[in-house]
2 protein chains.
Amino acid sequence: MTQQPSAPKREPLTYRQAGVDYGRIDPLKIRAQQAAAATAGNLARLGLAEVGASRGESAYVVDCGEFYLASITECLGTKALVADQMRAVTGRTYYDRIAQDTLAMAINDIITVGATPVSVHAYWATGGSDWFDDEARARALIDGWKAACDACGVAWGGGETPALAGVVAPGRIDLAASCVGLVRPKSRLTLGEKLAAGDVIVLLESNGIHANGVTLARRLAERIAGGFGAEMEGGQLYGEALLAPTVLYSPVTEALAAAGILPHYCANVTGHGWRKLMRHPASFSYRIHTLPPVPPVLRFIEKHAAIDAREAYGNLNMGAGFALYLAAAEAARALEIAASVGVRGWIAGTVEAGDKRVLIEPLGLTFAADDLHVRA
Amino acid sequence: MTQQPSAPKREPLTYRQAGVDYGRIDPLKIRAQQAAAATAGNLARLGLAEVGASRGESAYVVDCGEFYLASITECLGTKALVADQMRAVTGRTYYDRIAQDTLAMAINDIITVGATPVSVHAYWATGGSDWFDDEARARALIDGWKAACDACGVAWGGGETPALAGVVAPGRIDLAASCVGLVRPKSRLTLGEKLAAGDVIVLLESNGIHANGVTLARRLAERIAGGFGAEMEGGQLYGEALLAPTVLYSPVTEALAAAGILPHYCANVTGHGWRKLMRHPASFSYRIHTLPPVPPVLRFIEKHAAIDAREAYGNLNMGAGFALYLAAAEAARALEIAASVGVRGWIAGTVEAGDKRVLIEPLGLTFAADDLHVRA
């Protein structure tokens, strides 16, 4: 960890400047989505059918008659690079947290469709067999993975640990998780048919950056004195705060289901930040009146990257890691249930008829439909 | 593509010398397998139970009451690096073939447990957004992926296309696939309970290296004149022969099931080559009396890497991409059915009571149980 000079740079560090350019990825993504959609008919030979509404949602859903089958594959992104750099600062490996982050990417997505996660597979591709020579790090990855599985009540079914010199960068690991879930009974399916004006938006707490916006956070470390070792207000190190492991939300959705509360819709707040609140395909306006507290590390990024609220809320979770859209009468009880499994939430806004947009009233911010491109 | 000097090197190029050291990976793998196995109890909350015999097999199987649920995540490995280098030689991208290879890794594994593959997810992690700027290559990847899905009758449910600068090497792509399948009716489960002395071993043809042994094949390209552009006997280029896309075997297993033929066991011949023929956990001897023809590219590797038959058959598929273990009375009919979907096969040997080993009689070769370490 080299100490970075503190020379103030005046231009803000935006998400696009940080090297993530969604514009360049999207044409392929759309072509791939169309090709994928064209394979739906293959299921007929099995007497199965896809649930078309799941295309473009966070998990794929197949109607198997007595139940729905949901599946997802998600990657961690670049957060492990933060762990690798922080090790030089504190000596900790942090890969127990990284493991939880990776699983959270898949599990927090598959639950949005109403699925109970059943089993996961690990995908741990390294730049060479020598990655495993670091036993403390390898043990942390394994132990953290198991702990996250236990926290979500899923079975760890297996996985791949390929050594891919020439594909994965030397000394690095490419982490991903796949998850299979069941929607049983079928009434638990939450693909959005039930979403209606008057529904309440409950935001569940995040505890930091989770695993989205990490590229921006890494670039920021290059610009500030101390880098990842910089002390934030209160004394916590910037890099350590970044490595708070993503909250796992499946205990909440499972507890809600057990209590008979079925969300009308769910959104995992990941890339695109609060723009994800309008993920639902229909035209609704999402009016936010209450903001959850912003985790200090996100405030730190906002301040030192000199980004405005629009850039911050449009790309980072800003304290809201997951959104539940609920019948108004069930919102208060849902908060109690979430709290009972250790996750705070807030009744943060309402769904209204109107143009597709997110209105964040306390900040005077509006994201229009055009600001989000996640569908073909 | 630089022309390599043709200086003969006398020492053979073994798998371990080629940079793949299973010895270094296995301790982590075993610890991970044990941690994974310890999560099985999590399924009880859902009224589900894992099928313990699937631990250590090629796909994970959960008993869901009326059906079994199977899942798998598999990676391509380093074969895309061959495509990248061959592009400089011929101008073709080959990513349509690479796509099929990647899907084959998952699909040829999940069918070993008797599952019908239902849906797949793509994992395409690049070293940067600019990977997608090459439209011909991106289109080939997408089109090949869709074609392979159609060939196997599976739905392409979605996937991830992350840009992971710093994790994936610049200009490269890390390709993997996850697959979900159903074992329905449950009698189709082939985890090996039925395997018995007297069963016949049917080997299904490969068409080249498939996607295992590629590191060795790449190292060899560095040692021979012309590299990947070297002409083999008959004029085909070495690199192009390597890029023959892995045979998809699910049309065979599905056609067998439709005809009422349920294998007693299946083995996908991947890493560890023919040592995989003794993958079954019990002690049996596998006596091979008939060898399938060896694809020219594998003969080329055997010759120019100066490896002996033991090294070749112990690491490469040598013409046998998939093994079916069948009741003797059903073997001939199974060959006809495989041929009817375009896959040749041979009645190649028998299962016998005895020490766990593979005896390849025409070569005078024996692999003992100690030669294979795939289980915790």
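As the structure is a computational prediction, the values presented were derived from the model and not from experiment. We name chains A, B, ... by the order of the sequence lines, and we start the count at 1 in each one.
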(request) Any chance you could measure B/S178, atom OG, to B/M105, atom CE, to the nearest 0.5 Å? (result) 14.0 Å

(request) Just give me the residue among A/A40, A/A38, A/A37 that pairs up with chain B most often, heavy atom to heavy atom, under 4.5 Å. (result) A/A38

(request) Examine whether an atom of A/A59 lies under 4.5 Å from a heavy atom of chain B, and if so say whether it belongs to the side chain, the backbone or both; otherwise answer neither. (result) neither

(message) Is there a side-chain contact between A/V113 and A/Y68 in this structure, where contact means two heavy atoms from C-beta onward sitting under 4.5 Å apart?
(response) no

(request) Name the region of A/C64, side chain, backbone, both or neither, that has any atom closer than 4.5 Å to a heavy atom of chain B. (result) both

(message) Please evaluate residues B/Y60 and B/I72 with respect to the criterion side-chain contact (heavy atoms from CB on, under 4.5 Å), reporting the C-alpha separation (whole Å), side-chain torsions for both, the decisive distance (0.1 Å), and the verdict.
(response) CA-CA 6 Å; B/Y60 184 60; B/I72 181 80; over 6 Å; no

(message) Please classify the contact of A/T73 with chain B as side chain, backbone, both or neither, using a heavy-atom distance under 4.5 Å.
(response) both

(request) Side chain from CB out, backbone as N, CA, C, O: work out which of these in A/T78 comes under 4.5 Å of a heavy atom of chain B, or both, or neither. (result) both

(request) With rounding to the nearest 0.5 Å, note down the distance linking CD in A/E160 to OH in A/Y123. (result) 7.0 Å

(request) Among A/L46, A/V62, A/L43, A/V154, single out the residue with the greatest number of heavy-atom pairs under 4.5 Å to chain B. (result) A/V154

(request) Among the options B/V61, B/L164, B/V168, B/D174, pick out the one with the most heavy-atom pairs lying under 4.5 Å from chain A. (result) B/D174

(message) Any donor-acceptor pair under 3.5 Å linking the side-chain atoms of A/D101 with those of A/Y95?
(response) no

(request) Sort out for me which of A/A165, A/G158, A/C75 touches chain B most, counting heavy-atom pairs under 4.5 Å. (result) A/C75

(request) Using non-hydrogen atoms and a 4.5 Å limit, figure out which bit of A/L69 sits close to chain B: side chain, backbone, both or neither. (result) side chain

(message) Are A/W131 and A/W124 an aromatic pair, judged by ring center distance below 6.0 Å?
(response) no

(message) Taking side chain as everything from C-beta outward and backbone as N, CA, C, O, which of these in B/V167 sits under 4.5 Å from a heavy atom of chain A? Side chain, backbone, both or neither.
(response) both

(request) Can you measure from CD1 (A/I142) to CD (B/Q33) and round to the nearest 0.5 angstrom? (result) 10.0 Å

(request) Could you tell me which portion of B/A44 (side chain, backbone, both or neither) has an atom closer than 4.5 angstrom to a non-hydrogen atom of chain A? (result) neither

(request) Side chain from CB out, backbone as N, CA, C, O: work out which of these in B/S71 comes under 4.5 Å of a heavy atom of chain A, or both, or neither. (result) both

(message) Can you tell whether the side chains of B/R184 and B/E66 come within less than 4.0 Å, N to carboxylate O?
(response) no

(request) Answer yes or no: is there a side-chain heavy-atom contact under 4.5 Å between A/L141 and A/L175? (result) yes

(message) Are B/F67 and A/F67, when compared by the centres of their aromatic rings, separated by less than 6.0 Å?
(response) yes

(message) Tell me which of these, A/R218, A/E254, A/R139, has more heavy-atom pairs under 4.5 Å with chain B than the rest.
(response) A/R139

(message) If I measure from the heavy atoms of chain A, does B/L81 come under 4.5 Å with its side chain, its backbone, both, or neither?
(response) side chain

(request) Check the side chains of A/T112 and A/R279 for a donor-acceptor pair under 3.5 angstrom, ignoring hydrogens and angles. (result) no

(request) Let me know if B/D84 has heavy atoms under 4.5 Å from chain A in its side chain, its backbone, both or neither. (result) neither

(message) With chain A as the partner, which of B/G157, B/A177, B/C152, B/G159 has the greatest number of non-hydrogen pairs under 4.5 Å?
(response) B/G157

(message) What part of A/A125 gets within 4.5 angstrom of chain B, counting heavy atoms only: side chain, backbone, both, or neither?
(response) side chain

(request) State the OG1-CD distance between A/T93 and A/E135, to the nearest 0.5 angstrom. (result) 12.5 Å

(message) With a 4.5 angstrom heavy-atom cut-off, is it the side chain or the backbone of B/L182 that approaches chain A, or both, or neither?
(response) side chain

(request) Measure distances from B/R31 to the heavy atoms of chain A and classify the residue's part below 4.5 Å as side chain, backbone, both or neither. (result) both

